[in-house]
Amino acid sequence: MSQLRLHLNEHTGGCSPAVLAAIRSLTREDLACYPDYDEVTRACEGWFGVPRGWVQLTNGLDEGLKLVAELAARRSGVSHGSDTGQTRVRHVPDPALIVEPAFEMYAASADAIGLPHRHIPPEPNFRFPLEALLAAISPATPLIFLTDPNNPTGLAIPPGAVERIAIAAPATLVFLDEAYAEYSGRTFIGPALERHRNLIVGRTFAKAFGMAGLRAGALVAHPDTLAPIRRHIPPFNVNVVAARALQAALDDRAYVAASVAAAAESREMVYSWCRQRGIPHWPSEGNFVLMRVGDPTEPVVRGMAGRGILVRDRTTAPGCGGCIRITAGIVDHTRACLAALEDVLASRTN
Ligand SMILES: *Cc1c(COP(=O)(O)O)cnc(C)c1O
């Protein structure tokens with residue numbers, strides 16, 4: 001029995017058919033050559049509505065946030081690498097700041113490069129801890145990780161907060177992860193990004209585009225901000241299959257729109273199901289919903305897996321005690337998930 005994967009916010013409806021067609025049209029010669037990113041990068045710049053030079057393609061957004069962590073480490077002197085050709089002395093810098101609950105790769109990327117990190121806990125009901133974050137910033141803070149909308153809560157960063165953080169930390173790299181921006185319909189990319197040269201927006205084609213297996217993401221920032229990243233990036237970091245696929249995906253705007261509409265319908269189904277059962281949950285702007293089924297969550301996650309549906313246990317994430325996160329994308333899959341969850345929760349209380 002194949003499992004329904006609702007644990008990683010993947011697009012369980014798959015990618016656009018145009019993507020598969022583009023991949024099938026690749027020739028043996030195409031695969032034998034190093035990729036050229038000119039056309040696909042222009043297509044991305046068009047998609048994001050930015051001038052030439054503002055988009056750097058990455059091997060998934062995971063590579064993008066690792067590149068940003070590496071740049072922060074070089075700038076703070078923790079890494080032996082250099083942007084000037086001179087090797088700097090290793091010392092312990094101020095920590096990178098991570099607003100919790102957060103995507104795990106932020107801490108992993110900082111750890112990989114030896115960048116210490118400090119975690120800002122959420123306020124009650126996941127209110128964005130703006131004052132605590134501002135108070136934690138020092139002139140030597142190398143990097144701040146932000147996510148809008150948040151994963152796993154699906155909640156937005158309040159209006160104006162990103163600007164306040166960027167202004168309060170002018171010497172700090174501010175990484176704004178917008179992995180779910182297609183669903184939220186909100187992005188920092190635009191005139192505001194022009195004003196804040198310390199800000200880098202991260203985007204992915206894994207979620208709303210349904211291409212998680214291909215590995216394609218992007219960093220979007222002022223070219224001066226991207227320049228020191230570009231000096232250290234492997235020249236062929238995105239493979240030719242992903243590059244060609246992405247170009248086709250960007251041409252099929254209707255497919256992304258349909259993904260976004262399906263997620264909106266799925267989320268409403270989840271909310272009303274939760275409301276009827278008195279299960280706390282949070283209004284999400286992504287293709288997923290966090291809900292508090294109560295501890296212990298492990299038997300719930302195991303019970304769901306026994307019914308062929310993978311969901312994500314988030315009980316150990318800050319503020320997320322007793323919570324699971326389920327993908328809410330394709331409506332039929334959401335319906336199947338809620339039916340199984342009904343069953344699992346009923347058998348737990350008996
Ligand atoms: C899925 C996700 C990513 C990773 O995207 P990839 O392109 O698959 O590497 C990054 N950040 C957040 C918040 C995500 O949910």
Distance-only, no hydrogens or angles: does the [X] side chain make a donor-acceptor pair with backbone N or O of [Y] under 3.5 Å?
{"X": "S266", "Y": "G329", "answer": "yes"}
{"X": "N287", "Y": "H11", "answer": "no"}
{"X": "T147", "Y": "P149", "answer": "no"}

How would you list, by chain and number, every residue that makes a salt bridge (Lys or Arg N to Asp or Glu O under 4.0 Å) with R312, sequence neighbours excluded?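 For R312, the residues satisfying salt bridge (Lys or Arg N to Asp or Glu O under 4.0 Å) (neighbours in sequence not counted) are E104.
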Heavy-atom side-chain proximity of [X] to [Y] below 4.5 angstrom:
{"X": "Y106", "Y": "L143", "value": "no"}
{"X": "R244", "Y": "L246", "value": "no"}
{"X": "T315", "Y": "C323", "value": "no"}
{"X": "V293", "Y": "L345", "value": "yes"}
{"X": "E182", "Y": "R203", "value": "yes"}
{"X": "P101", "Y": "T153", "value": "yes"}

E29 meets the side-chain hydrogen bond (donor to acceptor under 3.5 Å, both in side chains) criterion, sequence neighbours left out, with none
How would you list, by chain and number, every residue that makes a side-chain hydrogen bond (donor to acceptor under 3.5 Å, both in side chains) with R335, sequence neighbours excluded?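 Testing R335 for side-chain hydrogen bond (donor to acceptor under 3.5 Å, both in side chains), a comparison that skips the adjacent residues, returns D332.
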Per side chain to side chain contact (heavy atoms under 4.5 Å, CB included), L155 is matched among S284, P283, P122 by P283
- Query: Looking at Y271 versus H281, is the centre-to-centre ring distance below 6.0 Å?
  - Reply: yes
Quiz item: Ring centroid separation for Y180 and F288, is it under 6.0 angstrom?
Solution: yes
In F205, F209, W54, the residue satisfying ring-ring contact (aromatic ring centres under 6.0 Å, His included) with W47 is F209
Between A156 and D148 the two heavy atoms that sit nearest each other are CA-OD1, 3.3 Å
Practice task
Determine whether the side chains of D313 and H7 contain a donor N or O and an acceptor N or O closer than 3.5 Å.
Solution key: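 There is no such pair (donor and acceptor under 3.5 Å, judged by atom type) between the side chains of D313 and H7.
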Exercise for review: For the pair W282 and F126, name the ring-plane relationship: parallel under 30°, tilted 30 to 60°, perpendicular over 60°.
Suggested key: perpendicular
* Asked: Would R186 and E285 pass as an ion pair if we require N to O under 4.0 Å?
  ->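 Yes.
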Exercise. Should we count CZ of R118 as having more than 12 external heavy atoms under 6.0 Å?
Worked result: no
